[in-house]
2 protein chains.
Amino acid sequence: MSNPRSSPVRLKDIARDLNVSVMTVSKVVRGCADVGAETRRRVLARIKELNYQPNWVARSLAAGRTFIIGLIVPDLMHSFFAEIAKGVSATIQPMGYDVVICNSEENGGVEASEIDRLLGRQVDGLILASAQPPSSTEVFERIAARGVPLVLIDRRFAGVPAPYVGVDDEAIGRLATLHLIERGCRRIAHIAGPPLTPGVGRLKGYQDALAAAGISVPGSYIVRAADDASGYQAARRLLELQPRPDAIFGYNDPTAAGAMKAILEAGIDIPGQMKVIGVGNVHYSDLLRVPLSTIDQSSAAIGQHAAETLVKVISSKRKRPARSIIIEPVLIARESTAATAGHRAA
Amino acid sequence: MSNPRSSPVRLKDIARDLNVSVMTVSKVVRGCADVGAETRRRVLARIKELNYQPNWVARSLAAGRTFIIGLIVPDLMHSFFAEIAKGVSATIQPMGYDVVICNSEENGGVEASEIDRLLGRQVDGLILASAQPPSSTEVFERIAARGVPLVLIDRRFAGVPAPYVGVDDEAIGRLATLHLIERGCRRIAHIAGPPLTPGVGRLKGYQDALAAAGISVPGSYIVRAADDASGYQAARRLLELQPRPDAIFGYNDPTAAGAMKAILEAGIDIPGQMKVIGVGNVHYSDLLRVPLSTIDQSSAAIGQHAAETLVKVISSKRKRPARSIIIEPVLIARESTAATAGHRAA
DNA sequence: CTGAAAGCGCTAACAC
DNA sequence: GTGTTAGCGCTTTCAG
């Protein structure tokens, strides 16, 4: 079956064996129609026999495309991005592409070098959840200069002429805040995220929802965090405020989960004395000390749509600007915001 | 700076501009020593000026190596594997390699096609947490036939002559079980994992530790699960047994977390009436309803060692068999196995 | 339907 | 030190 340590079979080998030209074999491999039935049969047989696998490096060089796309995310450990990665792979592999996944560590400089690396590898396109500072567009220009199709996800960048796929962050902020208001909360605090579009949009949604309901809260009700550890710290600060908030809307699930830890440690009941909601519907939300209400942003769908959009751009010769896709968020109400009789807080 | 839509700069362009040969430029790019200082200076200047980036596809074809390694894991959403992926990338990128990460979905067939794909892409080496059934070695032979270096992680396969990097699963089982015994538990149940080396090894360690302590438990105390959902179901079955277990050792953290959910739902106190321990030290263990005791298996270190081992094999001309690396597990005791006065259970 | 010619961009190996 | 000669394995273009 497999003769140990043999050098890989090439088109040339098959062509020689069958007394046909390399071209003919190549055409059969690629499924071109213009090959005689009998010839095709013989070639196919030999291909199977020798277990021929095309050399994609050579193919890429000759054809001028690699059928590889790059995906750069800030943190693969964050299940939101892991799920996106999964969605991208699952969608784009059946279309014949492979995905190279890179981790920028939430660092713009690392990201820039990942991009260069991928461009050097001649990727056919790029999907990017960028860690660039909000107004820095240099890397995007570098990509555009190379003429490599780009799709932005999760984070928007003003003035960058690339399609964007993501959730409506302001809607997220409104949805979460409105839910807390409906549950009877009035002193709603917010753990805001980093100053990128998701954090900024969710904050704005939060403020808009409060304003629309005629509720005003002290500025100290807005604190900043990014992950569970900083969410925990942020919540501890919130708990010392007078009057104490009766609800916390966390920028994402990790911050909300960290906040819950601080709240419960302080002996405050959730949802009785304080309600908590996050964003992202991470897989373990349901297993937390108190199952965490959250806003689902269908991460897998983001990956899927981003992949489809990218392939569309790659395939379209003309510079069809390709529409952005904004996904509507969905509320997942669990115990951390359950209705409580009276909703009394300290 | 960047003239839009220009075709990429090639060695040839620089050579022409400077009236030197392509070879000379190539040598400068690769940092070869045998180039005159002045020539090198001029070339370097022009490279910077034009922002030249080597075409890795062409380079790979000519040089016969891609500096790409493949990593195949069963599930990127599992933070254990995500962390390994991170460790691999972080270790191997500084050595000049890129990593292509693939998801086998815990499916041997998918894995086999991922492997073919990667071999077709001419990867220089492979790191594999294989989803093959225990005695199926066909894919490994295919890899060996191509002469591509391979490192196995997380799951061992008897008879496959590839180095292995992972944790000592029997030691994990013993460590967890012994900890429960020391905490006064005697009716210790086990949620066993799938019949791969980690599941089998941890089960054996559990049984050995019980035997060494002279404890015997009914066979019904051993149930099977793989993730949080099945762990939840498995625990519900355990809770109906008479006598009821006073401790559960979960194959991994997700199963243990799922089990905790079932236990708490049944109104049973953790750790008062029942203690729980998992394996993996996943990031959110600390945020669960009751912070989960666990056995840490240093996922990042596994990734790092696997990467180092692989590079070692790639670099060594001769078939140095490269030693396997077995990592010692570490107990992380949290509240779910905290000592309780009396440790009474139903 | 089949194949010859030419070359993708780069690097080995060896001359000069 | 520098450059020449040959490709790597495949695809494109276009002629038979």
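All values below were derived from every heavy atom in this structure, side-chain atoms included, with hydrogens, water molecules and symmetry-related copies excluded. A note on names: the letters A, B, ... follow the listed sequences, proteins ahead of strands, and every chain is numbered from 1.
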Quiz item: Has A:R65 got its NZ or CZ under 6.0 Å from the middle of the six-membered ring of A:F67, at an angle within 45 degrees of the ring axis?
Solution: yes

Please work out if [X] contacts a base, only the sugar-phosphate, or nothing of the nucleic acid, heavy-atom cut-off 4.0 Å.
X     : result
B:G64 : nothing
B:N55 : sugar-phosphate
A:S60 : nothing

Just the rounded figure in Å: distance from [atom2] of [N] to [atom1] of [X].
X      : N      : atom1 : atom2 : answer
A:F67  : D:dC10 : CZ    : P     : 16 Å
A:R10  : D:dG7  : CZ    : P     : 12 Å
A:R121 : C:dC10 : CZ    : P     : 14 Å
A:L61  : C:dG7  : CG    : P     : 14 Å
B:I14  : D:dG3  : CD1   : C1'   : 17 Å
A:W56  : D:dT11 : CH2   : P     : 9 Å

Quiz item: 5'-most contact on DNA chain D: B:A62 or B:V22, nearest heavy atom basis?
Solution: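 Checking each residue's closest nucleotide, the 5'-ward one belongs to B:V22.
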
Starting the side chain at C-beta, find the nucleotide from [options] nearest to [X].
X     : options               : value
B:R59 : C:dG3, C:dC10, D:dT2  : C:dC10
A:M23 : C:dG3, D:dG9, D:dT2   : C:dG3
B:A58 : D:dC10, C:dT11, C:dG9 : C:dG9

Quiz item: Counting only N and O atoms by type, is there a donor-acceptor contact under 3.5 Å from the side chain of A:S324 to the main-chain atoms of A:V165?
Solution: no

Practice problem: Would you mind telling me which residue lines up with the more 5' stretch of DNA chain C, B:A63 or A:S21, judged by nearest nucleotide? | Solution: A:S21

Practice problem: Would you mind telling me which residue lines up with the more 5' stretch of DNA chain C, A:R40 or B:L11, judged by nearest nucleotide? | Solution: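 Between the two, 5'-proximity favours A:R40.
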
Quiz item: Judged by modelled atom types alone, do B:E111 and B:S130 share a side-chain donor-acceptor pair under 3.5 Å?
Solution: yes

Exercise. Establish, from distance only, whether the side-chain atoms of A:S113 and A:R117 form a donor-acceptor pair under 3.5 Å.
Key: no

Quiz item: With respect to B:D17, which candidate in B:K12, B:R42, B:R46 satisfies the salt bridge (Lys or Arg N to Asp or Glu O under 4.0 Å) definition?
Solution: B:R46

